Amino acid sequence: MHEKFLKPYDSSATEPGIYAMWEESGYFNPDNLPAELLAQMEGKPYTVVMPPPNANGDLHAGHALGVTLQDIFTRMKRMQGYRALWIPGADHAGFETQVVYEKKLEKEGRSRFGMEPKELYAEILAFTLANKATMQNQVRSLGASCDWSREKFTLDPELVTKVQKTFVKMFEDGLVYRGARTVNWCPKHQTSLSDIETDSVEETSPFYTFKYGPFDIGTVRPETKFGDKYVVMHPDDTRYAEYKHGQTLELEWINGPITATVIKDNAVEMEFGTGAMTITPWHSQIDFEIAKRHGLDMEQIIDWRGKLLPIAGEFEGMKIAEARGKIVEKLKEKGLLVSVDDSYKNVVKKCYKCQSMIEPQVKDQWFVSMAPLANMAVTAVNKGDVRFFPEHEEKIFRHWMENTLDWNISRQIVWGIPIPAWFKDGESVASLESPGEGWEQDTDTFDTWFSSGQWPLLTTGYPDGDDFPTYYPTAVMETGRDIIFFWVARMIIFGLYLTDQVPFPTVYLHGLVNDANGKKMSKSKGNVINPLTLTDKYGTDALRMALVVGNTPGTDLALREDKVKGYKHFANKLWNIARFILENTQDADLAATRTEADEALIAELAVLADDVTLDLENYRVHLAAEKLYHYAWHRLADEILEESKPLIFAEDVEVAAARKATLRSLLTTLLPLLHPMMPFVTEEIWQNIPESTGYLMTTPWPSKTSSHANT
RNA sequence: GCGCGAUUAGCUCAGUUGGUUAGAGCAAUCCGUUUACACCGGAAAGGUCGGGGGUUCGAGUCCCUCAUCGCGCACCA
């Protein structure tokens with residue numbers, strides 16, 4: 001008996017050594033797993049791809065939950081005899097990282113706009129690589145049994161080329177196109193964003209009604225109205241029957257007389273406002289669509305910085321917020337203001353990072369044609385090729401897929417993978433190499449999700465890597481519920497498009513990890529819980545259990561420190577269970593004949609082992625963890641050990657011997673079952689059991705209940 | 001507007017295909033220092049499972065409806 005058992009379990013003294021031991025064993029790499037272990041499953045692969053953390057900051061509690069769940073899945077499968085591969089990586093996280101870095105620059109009194117693109121890129125790269133290294137160590141400290149030898153980074157040159165090739169292929173297949181369309185422009189970040197990178201926020205804004213010749217037209221954006229020379233109404237609107245489509249009218253407007261043209265279009269809601277509206281095709285999606293249908297002129301009113309252009313006359317150069325009131329004032333003076341409704345509620349789009357108002361702008365960008373791809377994805381889900389945990393996420397997925405619009409993948413930022421596209425005389429071509437003389441390369445980079453969407457392919461070596469045939473498709477995608485559209489949807493699309501196979505048959509979505517009061521953690525609220533502070537204080541096993549027990553897929557979790565503390569106590573309880581058993585069974589004959597009561601105890605745990613195995617197989621991790629906790633503490637410790645005391649100290653040598661052997665067996669069965677959730681303390685105890693050999697992490701799983709591999 | 005959740009003990013949550021007296025952790029109460037563990041043990045307490053209706057031999061669980069809270073999506077200017 002080692003003397004460390006005489007003291008309470010000390011996680012901080014134990015964990016680094018255990019992790020180093022695992023890493024040195026090489027068993028995180030499935031190529032090195034012992035043949036006799038793999039023989040159980042005839043070498044079947046089991047692959048999990050780690051959602052690559054954004055290499056722009058520290059690991060947060062959500063990462064800790066994800067890493068814990070993925071490690072639980074991987075460790076169990078490894079023990080079951082699968083060639084278990086969990087691939088780590090890091091994401092350059094284009095826009096997100098650039099935003100983080102810009103904030104850093106701001107603090108230093110610098111700005112990206114004064115910098116050479118190459119210089120900025122080099123700085124962000126250095127920043128990212130430093131973060132990446134830190135985060136890897138943080139992932140290690142959570143006990144992650146991932147194969148570091150296969151680690152990938154989205155900016156690895158080989159990966160960059162693969163991502164670019166996908167784009168070229170999509171271009172050739174007609175699935176991406178270059179088009180001037182309305183995009184979500186962030187005036188602060190000076191880039192366009194995809195639809196899901198904006199937040200729709202309901203606001204109360206004044207709704208103005210102005211006289212526009214014989215019409216009353218409504219707007220919340222007077223500052224865009226300079227170029228409005230079309231007045232649109234529904235063709236069936238009897239109030240305006242006297243006006244004919246295409247008819248022109250002379251009327252007085254903001255900066256003088258203009259010629260307006262009547263347009264009839266079904267997009268106009270007759271019941272809304274007066275049923276007549278003017279349009280600003282350059283700065284409104286719906287107006288753009290109308291203009292396109294009728295071949296109308298489009299003119300930019302607001303520049304890329306959010307200031308009015310010369311068309312605004314005396315208002316040129318003003319910011320929107322400043323100009324709006326002044327324009328209304330002028331229209332009022334001219335007698336053109338009919339009414340103002342101050343209680344009008346409308347939905348405005350904001351940049352999801354800086355909350356600036358998104359300015360719709362018409363811009364040439366690369367778009368992915370989503371309809372055919374989304375259709376493939378929905379078909380696959382309908383066929384049951386992808387299952388969601390929790391189940392209802394499937395509905396959310398389908399709803400989004402069926403309604404999604406084309407995806408703008410061009411970003412006007414340096415931090416990203418360059419789009420391999422070339423322009424000449426209004427022509428656009430996708431190609432890794434220049435098509436020839438006079439072609440200019442696209443300066444934009446990809447939406448970061450264009451590359452991370454291919455992550456299961458990139459990490460397994462698509463298309464010709466050695467791992468690809470073995471480890472793709474993967475077994476399960478475990479990630480945060482909040483990125484189902486950003487990421488999960490895109491991975492399914494790219495997987496189907498490039499390989500005709502879904503990248504994973506199972507999607508497990510965890511909820512948010514909130515603070516103790518259930519509030520979302522945020523730096524501004526100051527309620528961020530750093531998972532590493534908790535592991536330092538209570539141990540990694542304790543944090544892992546606290547994240548997993550009672551936490552069903554898809555449900556948000558309130559992370560309370562006392563819960564973590566409770567599982568620290570549990571780790572100590574295990575420690576003492578082990579101490580008691582090992583201390584009192586040193587002389588045990590492990591082959592002693594068991595009594596009926598002993599057989600019953602063995603059978604009871606075997607039933608639990610099967611039960612827990614099924615729970616884990618079916619992603620009921622919360623149940624498995626709780627059942628094992630309950631068994632260890634309230635059954636084994638509170639009852640079985642107490643009942644055993646009189647027996648093992650009794651005079652009846654045979655009964656004592658039988659019980660001692662039984663207790664040892666219970667311990668060596670329980671430890672593997674708990675190992676996926678609490679890898680450190682279980683491994684540490686295992687190393688001190690006389691009859692144990694090798695590592696707990698590669699000890700066969702104590703239940704042969706059915707299980708499944710990658711497919 | 002469309003869609004998705006949630007509502008169970010003081011708090012945080014489980015309750016897997018409907019099946020005995022609805023569970024856990026934490027908190028609170030009482031007792032206990034017994035040959036692992038006070039980071040402990042024992043005991044007791046605590047819920048008309050949001051309201052209403054329905055299906056069923058039987059409903060926390062299925063259906064309808066209402067209420068409250070939360071989330072997602074959205075091109076009515």
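Each chain gets a letter, A, B and so on, in the order its sequence line appears, and its residues count up from 1. Predicted model, so just to flag it, every value in this text is computed and none were measured.
With a cut-off of 3.5 Å on both pairing distances, the Watson-Crick and G-U wobble pairs of RNA chain B assemble into stems of 3 or more at B:1-7 with B:67-73, B:10-13 with B:23-26, B:29-32 with B:40-43, B:50-54 with B:62-66.
Listed here is the closest heavy atom pair of A/Ala374 and A/Thr404: CB-CG2, 4.3 Å. Residues A/His283 and A/Pro360 share a closest heavy-atom pair of ND1-O, 2.9 Å.
For the segment residues 272-281 of chain A, the set of residues with a heavy atom within less than 4.0 Å of an atom of RNA chain B comprises A/Phe272, A/Gly275, A/Met277, in numerical order.
Straight-line distance between the P atoms of B/rG46 and B/rA22: roughly 13 Å, to the nearest whole Å. Spacing between B/rG41 and B/rU55 at atom P, rounded to whole Å, works out to 49 Å. Remark: the separation of the C1' atoms in B/rG60 and B/rU8 is 7 Å, to the nearest Å. Rounded to a whole angstrom, the distance from the P atom of B/rU61 to that of B/rG18 is 11 Å. Distance noted for atom P between B/rU16 and B/rG3: 27 Å (whole Å). The separation of B/rA77 from B/rG5, taken at their P atoms, amounts to 28 Å, rounded to a whole angstrom. Straight-line distance between the C1' atoms of B/rG47 and B/rC11: roughly 14 Å, to the nearest whole Å. Between the P atoms of B/rC13 and B/rA6, the separation comes to 13 Å (whole Å).
Counting only heavy atoms from C-beta on, A/Asp638 has its side chain closest to B/rG41 among B/rC40, B/rA77, B/rG41.
Using a 4.0 Å heavy-atom criterion, one finds that A/Ala571 contacts no nucleic acid atom at all. Contact annotation for A/Lys627: base contact, defined as any heavy-atom pair under 4.0 Å involving a base atom. If you check every strand for non-hydrogen atoms under 4.0 Å, A/Tyr567 touches nothing. Counting any heavy atom pair closer than 4.0 Å across all strands shown, A/His634 reaches sugar-phosphate atoms only and no base atom. If you check every strand for non-hydrogen atoms under 4.0 Å, A/Glu271 touches nothing. When heavy atoms are screened at a 4.0 angstrom cut-off, A/Tyr344 is found touching the sugar-phosphate backbone but no base atom. Residue-level contact check: A/Val232 touches neither bases nor backbone, having no heavy atom under 4.0 Å from any strand.
Below 30°, between 30° and 60°, or above 60°: for A/Tyr212 and A/Trp253 the angle between ring planes is above 60°, a perpendicular geometry. Between A/Tyr619 and A/Phe73, the ring-plane angle classifies as perpendicular under the 30° and 60° cut-offs.
In summary, A/Glu299 and A/Lys229 do not engage in a salt bridge, as defined by a charged side-chain N under 4.0 Å from a carboxylate O.
Evaluation of atom-type donor-acceptor distances gives a pair under 3.5 Å for the side chain of A/Glu642 against the base of B/rA36. Residue side chain A/Lys573 reaches the base of B/rC37 through a donor-acceptor N/O pair under 3.5 Å, judged by distance alone.
Taking atom CD of residue A/Gln285 and atom P of nucleotide B/rC75, one finds them 7 Å apart after rounding to whole Å. The distance from atom NZ of A/Lys645 to atom C1' of B/rG42 is 13 Å, rounded to the nearest whole Å. Rounded to whole Å, atom C1' of B/rC71 lies 19 Å from atom CZ of A/Phe397. Rounded to a whole Å, the CG atom of A/Asp199 is 10 Å from the P atom of B/rA74. For A/Leu509 and B/rC71, the CG to C1' distance is 14 Å, given to the nearest whole Å. Rounded to an integer number of Å, the gap from CD1 of A/Ile358 to P of B/rA74 is 12 Å. Atom P of nucleotide B/rG72 and atom NZ of A/Lys349 are separated by 15 Å, given to the nearest angstrom. We find that NZ of A/Lys519 is positioned 13 Å from P of B/rC69, with the value rounded to whole Å.
Taking CH2 of A/Trp487 as the reference point, atom CD1 of A/Ile196 lies at 13.5 Å (rounded to 0.5 Å). Rounded to the nearest 0.5 angstrom, A/His630 NE2 and A/Phe570 CZ are separated by 11.0 Å.
Counting non-hydrogen atoms of other residues, nucleotides and ligands closer than 6.0 Å to CD of A/Glu691 gives a total above 12. By the neighbour-count criterion of 12 heavy atoms within 6.0 Å, atom NZ of A/Lys264 is densely surrounded, having more than that number from other residues, nucleotides or ligands.
Between the side chains of A/Arg398 and A/Asn382, a donor-acceptor pair is found at a separation under 3.5 Å. Between the side chains of A/Glu684 and A/Thr14, not a single donor N or O lies within less than 3.5 Å of an accepting N or O. Side-chain atoms of A/Ser644 and A/Arg659 form a donor-acceptor pair, as typed in the model, at a separation below 3.5 Å.
Between A/Ala267 and A/Glu202, the residue anchored nearer the 5' end of RNA chain B, judged by the nucleotide with its closest heavy atom, is A/Glu202. Mapped onto RNA chain B by nearest heavy atom, A/Glu269 and A/His630 fall at different nucleotides, with A/His630 at the one closer to the 5' end.
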Next item on the list: Starting at the 5' end of nucleotides 1-15 of chain B, put B wherever the base has a protein heavy atom under 4.0 Å, S where only the sugar-phosphate does, and a dash everywhere else.
Entry: -SSSS-----SSSSS
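A/Trp633 has a side-chain polar atom (N or O) that falls below the 4.0 Å cut-off from OP1 or OP2 of B/rG41.
Screening A/Phe210, A/Tyr230, A/Tyr240 for a ring pair (Phe, Tyr, Trp, His ring centres under 6.0 Å) involving A/Phe215 leaves a single residue, A/Tyr240.
Both the sub-6.0 Å distance and the 45° axial angle are not jointly satisfied by A/Lys573 relative to the ring of A/Tyr629.
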